[in-house]
Amino acid sequence: MDPVTRKKSLILKLKKELENRGTVSSIIKDNEDYFIAFQTNGLIHLQHTPEKEIKYEIKTVGIHCGVFCLHKDNEQDIIWIGTDGQGVYLYTRDQFSIRSVTFEHLQYSIQKPVRALYLDESQNLWIGTKDDGILLMENYQPEGEMNKGSIQHLTISNSELISNSVYAFEKSRRNILWIGGDGPGLNYYSYREIKFKKYPPGRVWMYRVPCTSIVFVR
């Protein structure tokens, strides 16, 4: 749907892909292209081909597992890809189109799927998992070597996290990062105080929109 005119238009029929791959978990737009993630069966790239009669061509991205979340980097030409049990991939248009940060290379035992991703203004990569808490990679540089000393594994046992299942991150204008999970209530990270805090249960209702990481609070 065009966000300006609010009109819907058909991009490409995906009946065959949906029959073969199953449930869609996330969709993002990258320039004129689209990336579509499937909950149990990888990721496809709809490449814009304006010179052809059919304006989009389906390209398979080489990820052979479920993909739960996609995030377009605001500063770099990178798409972050959170997978079911294979860690985090990043997709670029450079010569080396896909790199990965897999859990087997970390000093922590992480077995659960990635459900949320967020790269903040300080280049800290936040990775939310289903039942394994948060991995926080400080000053993450995709083109550099991974510094294991700058990685934290945050759980209910060593932080103020309410739940080890983390499904959404959302930056606030108040210099905090909202963290949504199974609840009850919400967490947020205060950049000013450099610490996690709890948003009091009983004053918040959280809704997740399917195929997104959007949290509504009232």
Side-chain angles (χ1 to χ4, degrees), residues 3 25-30 37 67-83 87-90 101 103 106-108 110 112-142 144 146-218:
S25 57
S26 185
I27 302 174
I28 64 171
K29 186 176 183 181
D30 179 34
V67 175
F68 283 123
C69 50
L70 303 172
H71 175 71
K72 182 73 172 73
D73 196 300
N74 293 328
E75 304 296 331
Q76 306 171 84
D77 190 17
I78 290 174
I79 294 172
W80 298 92
I81 304 164
T83 69
V88 179
Y89 288 81
L90 60 88
V101 179
F103 291 152
L106 302 179
Q107 66 268 44
Y108 304 108
I110 307 293
K112 304 299 183 179
V114 173
R115 299 304 298 266
L117 295 168
Y118 180 73
L119 187 69
D120 67 21
E121 295 173 354
S122 300
Q123 284 294 122
N124 299 319
L125 178 61
W126 299 78
I127 303 173
T129 71
K130 182 181 180 181
D131 207 36
D132 261 337
I134 294 173
L135 277 174
L136 174 57
M137 298 184 176
E138 297 179 350
N139 192 29
Y140 182 74
Q141 303 297 328
M146 182 170 56
N147 180 7
K148 292 185 178 181
S150 64
I151 301 174
Q152 300 181 55
H153 183 203
L154 305 164
T155 67
I156 59 174
S157 62
N158 64 7
S159 73
E160 290 293 308
L161 273 183
I162 294 171
S163 170
N164 280 332
S165 291
V166 176
Y167 299 130
F169 298 108
E170 186 68 26
K171 185 67 166 60
S172 169
R173 290 175 294 180
R174 298 182 179 180
N175 202 30
I176 63 175
L177 179 66
W178 289 106
I179 301 168
D182 277 342
L186 292 173
N187 280 112
Y188 66 89
Y189 179 79
S190 170
Y191 286 95
R192 182 174 60 85
E193 300 179 54
I194 317 179
K195 64 189 301 184
F196 287 90
K197 293 189 174 183
K198 298 177 181 178
Y199 193 87
R203 292 170 52 190
V204 62
W205 293 261
M206 185 180 75
Y207 302 89
R208 289 190 68 240
V209 179
C211 301
T212 74
S213 294
I214 299 175
V215 177
F216 293 95
V217 181
R218 69 178 185 182

Give me the atom names and distance for the closest heavy-atom approach of [X] to [Y].
| X | Y | value |
| --- | --- | --- |
| Gly82 | Leu117 | N-CD1, 3.5 Å |
| Ile156 | Leu161 | CG2-O, 3.2 Å |
| Gly87 | Val114 | O-CG2, 4.0 Å |
| Ile162 | Lys198 | CG1-CG, 4.0 Å |
| Ala37 | Val67 | CB-CG1, 3.5 Å |

* Is there a donor-acceptor contact under 3.5 Å from the side chain of Asp132 to the main chain of Thr129? ->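 Checked: no pair found.
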
* Is there a donor-acceptor contact under 3.5 Å from the side chain of Asn187 to the main chain of Lys197? ->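 Checked: pair present.
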
Would you compute the distance between atom [atom1] of [X] and atom [atom2] of [Y] and round it to the nearest 0.5 angstrom?
| X | Y | atom1 | atom2 | result |
| --- | --- | --- | --- | --- |
| Glu170 | Ile179 | CD | CD1 | 12.0 Å |
| Ser150 | Gln123 | OG | CD | 12.0 Å |
| Glu121 | Asn175 | CD | CG | 8.0 Å |
| Ile151 | Leu136 | CD1 | CG | 9.5 Å |
| Gln152 | Leu135 | CD | CG | 10.0 Å |
| Ser163 | Asp131 | OG | CG | 7.0 Å |

* Residue pair Asn124 / Tyr118, side-chain donor-acceptor N/O under 3.5 Å ->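 No donor-acceptor contact under 3.5 Å links the two side chains.
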
* **The single option from Tyr188, Phe196, Tyr189 passing side-chain contact (heavy atoms from CB on, under 4.5 Å) against Glu160** =>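 Only one of Tyr188, Phe196, Tyr189 forms a side-chain contact (heavy atoms from CB on, under 4.5 Å) with Glu160, namely Phe196.
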
* Partner residues of Phe68 under the ring-ring contact (aromatic ring centres under 6.0 Å, His included) criterion, sequence neighbours left out ->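 With sequence neighbours excluded, Phe68 shows a ring-ring contact (aromatic ring centres under 6.0 Å, His included) to no residue whatsoever.
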
* Just wondering, more than 12 heavy atoms not from Glu193 lying within 6.0 Å of its CD? ->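 Count over threshold, so yes.
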
* **Exceeds 12 heavy-atom contacts within 6.0 angstrom, atom NZ of Lys171** =>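 More than 12 heavy atoms, drawn from other residues, nucleotides or ligands, come within 6.0 Å of this atom.
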
* Answer with yes or no after comparing the ring centroid distance for Tyr140 and Trp126 against a 6.0 Å cut-off, counting only values under it. =>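 No: the rings miss the under 6.0 Å criterion.
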
* Which class fits the ring pair Trp178 and Tyr199: parallel under 30°, tilted 30 to 60°, perpendicular over 60°? ->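 If you compare the ring of Trp178 with that of Tyr199, the planes turn out perpendicular.
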
* Any His71 side-chain heavy atom under 4.5 Å of Ile79 side chain ->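 No - every pair of side-chain heavy atoms lies 4.5 Å or more apart.
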
* Can you find a heavy atom in the side chain of Trp80 that is under 4.5 Å from one in the side chain of Asp73? ->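 SC-SC contact between Trp80 and Asp73 confirmed.
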
* Would you mind checking if Asp30 and Lys72 are paired as a salt bridge, meaning a charged N to carboxylate O distance below 4.0 Å? =>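 A salt bridge links Lys72 with Asp30.
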
